[in-house]
K.L.:
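Got a structure for you, written out below as structure tokens; questions coming shortly.
When reading the values below, keep in mind they use all heavy atoms of this one structure, side chains included, and skip hydrogens, waters and symmetry mates. Worth saying up front: this structure is predicted, and the values here are computed from it rather than measured. Quick note on labels: first sequence line is chain A, next is B, and so on, each numbered from 1.
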2 protein chains.
Amino acid sequence: MILNTALSLIQSKGYNGFSYRTIAERIGIKTASIHYYFPRKSDLGKFLIVDYKSRFKDELHHIDRDIDDASMKLQQFTNLFIQTLARGNRMCLCGMLAIDIVTLPPEIVEEVMGFIRDIEQWLTHVLTRGREAGSLKFDGPPEDQAKVVFAVLEGGMMTARILNDSHHFEQVIRQLLATLNTSTGR
Amino acid sequence: MILNTALSLIQSKGYNGFSYRTIAERIGIKTASIHYYFPRKSDLGKFLIVDYKSRFKDELHHIDRDIDDASMKLQQFTNLFIQTLARGNRMCLCGMLAIDIVTLPPEIVEEVMGFIRDIEQWLTHVLTRGREAGSLKFDGPPEDQAKVVFAVLEGGMMTARILNDSHHFEQVIRQLLATLNTSTGR
DNA sequence: GTCTATAAGATGATAGAC
DNA sequence: GTCTATCATCTTATAGAC
């Protein structure tokens, strides 16, 4: 309950925009109770990002297990971001923390950096296999293309959220996938 | 002096991460002096974004005046973002404010929304003309491709900043431009 | 485990002297 | 215009009763 509320707050207001007070009020307890579980704010923050990374990794494993085609993997991957935005205009936790980076405790910075590297690595792999198999097309190194894909998702979420227009994000993703897919259809 | 310091702070720490106190200490005055020019924080914030938009628009006019080729225009446009990141790991002001959107005063939200729309409109125009003239290539509506380009820049800045790796951002941009340019060379 | 009480500091903001 | 002094409020955090 504390975790869900904290996650929701941090995803909409950022690390410096959420406080123990807001969490406590929202779930009807006192701030001291939160300090019992997470003595310092950075403890709560670190737990949230570690947990988030773990669940995100699970999602990637599910995609790897259930889907063969790289183009479909990519689409399913983008769906994760669409769903996050759809659930109350939330940003990716990683993107949110990335913005507050200079004010963040070092332990959390490490986690966020690792998160980005993990995702870009996964994307690199999918893009490499997809181009080999012929379902994806792009020029240049898969590493660089992976960075572009991730940047589109984070930046697209950001702009769609401020314009308060989830359709905006879907257009961005459709355009991105259309550029990468060899089959123009769907 | 107040403005430069405030802009620098807001571009690195976000709207909620910069305070009158920090500005005052950094330039050797008292917070009351800042309140003399900008009674409320939102006054300072609004001035900064309006001024930023105006200067950004000037840059776009210079590009339109000095450069004919759409591909070159696009490259010059991305240079604006590279330069911002190069100047002390700063984020685009717009992207920074976009993250704090739910905690922002309404007047400022309006300005940020207008900024995104202006840029996407300019990009749409450049992409349209570039495809017609044959120097740029992409499928689908220029409006959607414009959104992708802007998303790549904002998201790319964000990730490069947290990885503390400006080379990362240059790779992202090179990959983006390579995808859009008809001439593969350079 | 959850509460009350409280601390020490930061924050945006104002009144009034100089 | 810039300062001192002061404010009410919010922040993270702790000690100790129940």
K.L.:
Looking at residues at least two apart in the chain, or sitting in another chain, which of them share a ring pair (Phe, Tyr, Trp, His ring centres under 6.0 Å) with A:Y36?
P.N.:
none

K.L.:
Check each residue of residues 40-49 of chain B for a non-hydrogen atom within less than 4.0 Å of any atom in DNA chain C, then write out the ones that pass by number, or none.
P.N.:
B:R40, B:K41

K.L.:
Tell me every residue that passes salt bridge (charged side-chain N to carboxylate O under 4.0 Å, His left out) with B:D69, counting only those two or more places apart in sequence or in another chain.
P.N.:
none

K.L.:
Nearest-Å distance, NE2 (B:H35) to C1' (D:dA5)?
P.N.:
14 Å

K.L.:
Residues in ring pair (Phe, Tyr, Trp, His ring centres under 6.0 Å) with B:H168, at least two apart?
P.N.:
none

K.L.:
Taking only residues two or more places apart in sequence or in another chain, which ones pass salt bridge (charged side-chain N to carboxylate O under 4.0 Å, His left out) with B:K57?
P.N.:
B:D118

K.L.:
Base, sugar-phosphate, or nothing: which does B:Y20 touch, judged by heavy atoms less than 4.0 Å apart?
P.N.:
sugar-phosphate

K.L.:
Can you list, pair by pair, the side-chain donor-acceptor contacts under 3.5 Å of residues 92-99 of chain B, counting residues two or more places apart and other chains?
P.N.:
none

K.L.:
Filter on ring pair (Phe, Tyr, Trp, His ring centres under 6.0 Å), then keep only pairs touching residues 114-163 of chain A, sequence neighbours left out; what's left?
P.N.:
A:Y52-A:F115, A:F56-A:F115, A:F77-A:W122

K.L.:
Report yes or no: is the cationic atom of A:K41 (NZ for Lys, CZ for Arg) closer than 6.0 Å to the six-membered ring centre of A:F18, at no more than 45° off its axis?
P.N.:
yes

K.L.:
Could you tell me which residues satisfy ring pair (Phe, Tyr, Trp, His ring centres under 6.0 Å) with A:Y37, sequence neighbours excluded, listed by chain and number?
P.N.:
none

K.L.:
Could you list by number each residue of residues 2-19 of chain B showing a heavy-atom separation from DNA chain D of less than 4.0 Å, or answer none if no residue does?
P.N.:
none

K.L.:
Tell me, please, the opening and closing nucleotides of DNA chain C, 5' to 3', among those with an atom under 4.0 angstrom from a non-hydrogen atom of chain B.
P.N.:
C:dA10 to C:dT14

K.L.:
Salt bridge (charged side-chain N to carboxylate O under 4.0 Å, His left out) with A:R55: which residues, sequence neighbours excluded?
P.N.:
A:D51

K.L.:
For A:D100, check salt bridge (charged side-chain N to carboxylate O under 4.0 Å, His left out) against everything at least two apart and list the hits.
P.N.:
none

K.L.:
Between A:T31 and A:R21, which is nearer to the 5' end of DNA chain D once each is assigned its nearest nucleotide?
P.N.:
A:R21

